[in-house]
Amino acid sequence: MKKGIHPDYHEISVVMTDGTKFTTRSTYGKKGDSLTLDVDPNSHPAWTGGSTRIVDTEGQVARFQRRFQGFGIK
């Protein structure tokens with residue numbers, strides 16, 4: 001590796017949305033910094049199976065479902 005062109009790789013603390021913490025190595029911030037997550041595998045619908053509800057603004061979701069109700073894999 002060339003000297004002086006790579007970012008510093010150090011330990012940081014990661015705080016999950018439920019308050020749990022773990023230590024990992026990263027190039028984020030400085031040594032000892034804390035990274036607080038807004039979205040993580042405990043809270044994001046992609047990992048939780050979509051337990052959160054979609055807010056239907058002005059009937060857009062209902063209109064979408066009506067429009068594509070017959071569309072499916074056969």
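Every heavy atom of this structure was used, including side-chain atoms; hydrogens, water molecules and symmetry mates were not.
- Distance check, rounded to the nearest 0.5 Å: NE2 of H10 to OG1 of T24 gives 10.5 Å.
- Rounding to the nearest 0.5 Å places CD of Q65 at 15.0 Å from CZ of F71.
- I12 and V15 sit in two unconnected hydrophobic clusters of ILVMFWY residues. Membership requires side-chain heavy atoms under 4.5 Å apart, directly or through other members.
- Residues Y28 and V14 fall within the same hydrophobic cluster, defined by Ile, Leu, Val, Met, Phe, Trp and Tyr side chains chained together at heavy-atom separations under 4.5 Å.
- Going from atom CG of L35 over to atom NZ of K21 covers 12.5 Å, rounded to the nearest 0.5 Å.
- Within 6.0 Å of the CZ atom in R67, the count of heavy atoms belonging to other residues, nucleotides or ligands does not exceed 12.
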